[in-house]
Engineer: 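My questions all concern the structure below.
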Amino acid sequence: MVESAAPEDWSRRSPVADWAAVDVVRHLVEWPRDFLKGAGIELEALDVDADPAAAWRRHVADIQAILEAPGGRVLSNPNTGDRPVDEAIDEFYTPDIWMHSWDLAKALGRDVDLGEERCRAALANMVPIEPMLRASGQFGTAAFPVGEDATAQDRMVAFIGRDPYWKPAS
């Protein structure tokens, strides 16, 4: 999806308050690079604003290289404990990419199917720890209200504080 964005698309508003499309990519590039320092991995800072697609390509290659050769590295973090670096990426970063792909797609004016079963499973895992998630600031202070007939994707998106019916301004 990043590769399909035109240069003028990066300034488009996203469903995340105060974020444009480029901010979604910046978030997905910057926080894991900092997070990985807990495994002794120092990755070069990338200039997302200069070229979001190039920064994303480089970031994906960097993360893939770590996954292909974790080298027994353990990521230590006061919030997550100690985990093998590849497991930490899979547990914390992969879901963030998945959820934010909805934000980026919507900012770019596209539809996205996150998968009903995956959304249902994610929601089932998040609901029991909702107070911790809300307190962490990860998903805002409250879920967006949706009807009982909402799809699993709409319920999951609403749980993380997004309006599942959000559309970019025309």
Side-chain angles (χ1 to χ4, degrees), residues 1-35 46-60 63-64 67 77 79-80 87-170:
M1 187 170 334
V2 170
E3 295 295 333
S4 69
E8 63 273 11
D9 289 338
W10 294 115
S11 62
R12 292 176 63 152
R13 299 298 326 141
S14 86
V16 180
D18 302 322
W19 277 14
V22 70
D23 298 311
V24 176
V25 176
R26 182 181 302 103
H27 168 75
L28 292 172
V29 167
E30 290 179 354
W31 85 258
R33 296 176 97 73
D34 188 54
F35 183 64
L46 301 175
D47 189 351
V48 175
D49 290 317
D51 187 341
W56 180 250
R57 278 190 305 275
R58 170 68 187 274
H59 179 68
V60 167
I63 297 299
Q64 189 62 42
L67 292 172
N77 182 286
N79 298 314
T80 63
E87 290 177 21
I89 290 169
D90 188 49
E91 186 174 345
F92 300 107
Y93 184 52
T94 303
D96 203 42
I97 294 170
W98 173 67
M99 285 186 255
H100 282 297
S101 68
W102 186 89
D103 297 319
L104 186 58
K106 291 297 182 180
L108 298 176
R110 300 189 181 114
D111 290 325
V112 63
D113 181 355
L114 297 176
E116 285 295 294
E117 286 303 312
R118 187 170 181 189
C119 289
R120 195 172 291 112
L123 195 55
N125 288 328
M126 290 187 293
V127 167
I129 60 170
E130 182 174 5
M132 185 272 301
L133 294 172
R134 301 270 178 240
S136 74
Q138 293 178 56
F139 300 141
T141 57
F144 189 89
V146 293
E148 289 296 317
D149 61 339
T151 65
Q153 177 171 307
D154 287 350
R155 287 193 314 274
M156 194 276 304
V157 166
F159 180 86
I160 64 172
R162 310 293 194 273
D163 173 358
Y165 313 109
W166 185 92
K167 301 264 189 238
S170 19

Engineer: Between Trp56 and Val60, is there a side-chain heavy-atom distance shorter than 4.5 Å?
Structural biologist: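 SC-SC contact between Val60 and Trp56 confirmed.
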
Engineer: With sequence neighbours excluded, tell me which residues meet side chain to side chain donor-acceptor pair (under 3.5 Å) with Glu91.
Structural biologist: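 So Glu91 forms a side chain to side chain donor-acceptor pair (under 3.5 Å) with Arg83.
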
Engineer: Could you tell me whether the side chain of Trp102 and the main chain of Val112 form a donor-acceptor pair under 3.5 Å?
Structural biologist: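 Between the backbone of Val112 and the side chain of Trp102 there is no qualifying donor-acceptor contact (under 3.5 Å).
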
Engineer: In Å, rounded to the nearest 0.5 Å, how long is the span from OG1 of Thr94 to CD of Glu87?
Structural biologist: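 CD of Glu87 is found 12.0 Å from OG1 of Thr94.
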
Engineer: Might you point out which heavy atoms bring Ala21 and Asp9 nearest each other, and give the distance in Å?
Structural biologist: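 Smallest heavy-atom distance, with atoms named: CB-O, 3.7 Å.
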
Engineer: Does Arg12 reach the main-chain N or O of Ala107 with its side chain, forming a donor-acceptor pair under 3.5 Å?
Structural biologist: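 Indeed, once roles are kept as given, a pair shorter than 3.5 Å links the two residues.
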
Engineer: Who pairs with Asp51 by side chain to side chain contact (heavy atoms under 4.5 Å, CB included), at least two apart in sequence or on another chain?
Structural biologist: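 Listed in chain order: Ala53, Ala54.
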
Engineer: Using every non-hydrogen atom in the two residues, find where Asp18 and Asp23 come nearest and quote the distance to one decimal.
Structural biologist: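 For Asp18 versus Asp23, the nearest heavy atoms are O-OD2, 4.0 Å.
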
Engineer: Would you sort out whether Met156 and Met99 count as a side chain to side chain contact (heavy atoms under 4.5 Å, CB included), showing the intermediate values?
Structural biologist: CA-CA 9 Å; Met156 194 276 304; Met99 285 186 255; 4.1 Å; yes

Engineer: Tell me the closest heavy-atom pair linking Leu46 and Ala55, and the distance in Å.
Structural biologist: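 Answer, listing the atom of Leu46 first, then Ala55: CD1-O, 3.4 Å.
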
Engineer: Within the structure provided, determine whether Phe144 and Val157 are in side-chain contact (heavy-atom separation under 4.5 Å).
Structural biologist: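 Phe144 does not reach Val157 side chain to side chain.
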
Engineer: Could you pull out every donor-acceptor pair under 3.5 Å between side chains of residues 118-132 and any protein atom, sequence neighbours left out?
Structural biologist:
unit_1, atom_1, unit_2, atom_2, d
Arg120, NH1, Glu117, OE2, 2.4
Asn125, ND2, Ala121, O, 3.3
Glu130, OE2, Arg134, NE, 3.1
Glu130, OE2, Arg134, NH2, 3.2

Engineer: From Arg155 CZ over to Ile160 CD1, what is the distance, rounded to the nearest 0.5 angstrom?
Structural biologist: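 The distance works out to 14.0 Å.
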
Engineer: Of all the heavy-atom pairs spanning Val146 and Pro164, show the shortest one and how long it is.
Structural biologist: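 In terms of heavy atoms, the two residues are closest at CG1-CG, 3.5 Å.
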
Engineer: Between atom CD of Glu3 and atom CE of Met1, what is the distance when rounded to the nearest 0.5 Å?
Structural biologist: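 Rounded to the nearest 0.5 Å, the CD-CE separation comes to 12.0 Å.
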
Engineer: Take the angle between the ring planes of Phe92 and Phe35 and call it parallel below 30°, perpendicular above 60°, tilted in between.
Structural biologist: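 Plane angle over 60°, so perpendicular.
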
Engineer: Quick check: closest heavy atoms across Asp103 and His100, and the distance to 0.1 Å?
Structural biologist: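 Nearest pair, atom of Asp103 first, then His100: OD2-ND1, 2.7 Å.
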
Engineer: Does Ser14 use its side chain to pair, donor to acceptor, with the backbone of Trp19 at less than 3.5 Å?
Structural biologist: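 Checked: pair present.
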
Engineer: Would you check, one step at a time, whether the test side chain to side chain contact (heavy atoms under 4.5 Å, CB included) holds for Trp10 with Val2?
Structural biologist: CA-CA 10 Å; Trp10 294 115; Val2 170; 3.8 Å; yes

Engineer: Taking the side chain as C-beta and beyond, is there a heavy-atom pair between Leu114 and Ser101 under 4.5 Å?
Structural biologist: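 Result yes, sub-4.5 Å side-chain heavy-atom pair found.
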
Engineer: Give the minimum heavy-atom separation between Leu28 and His59, together with the two atoms involved.
Structural biologist: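 The pair with the smallest heavy-atom distance is O-NE2, 3.2 Å.
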
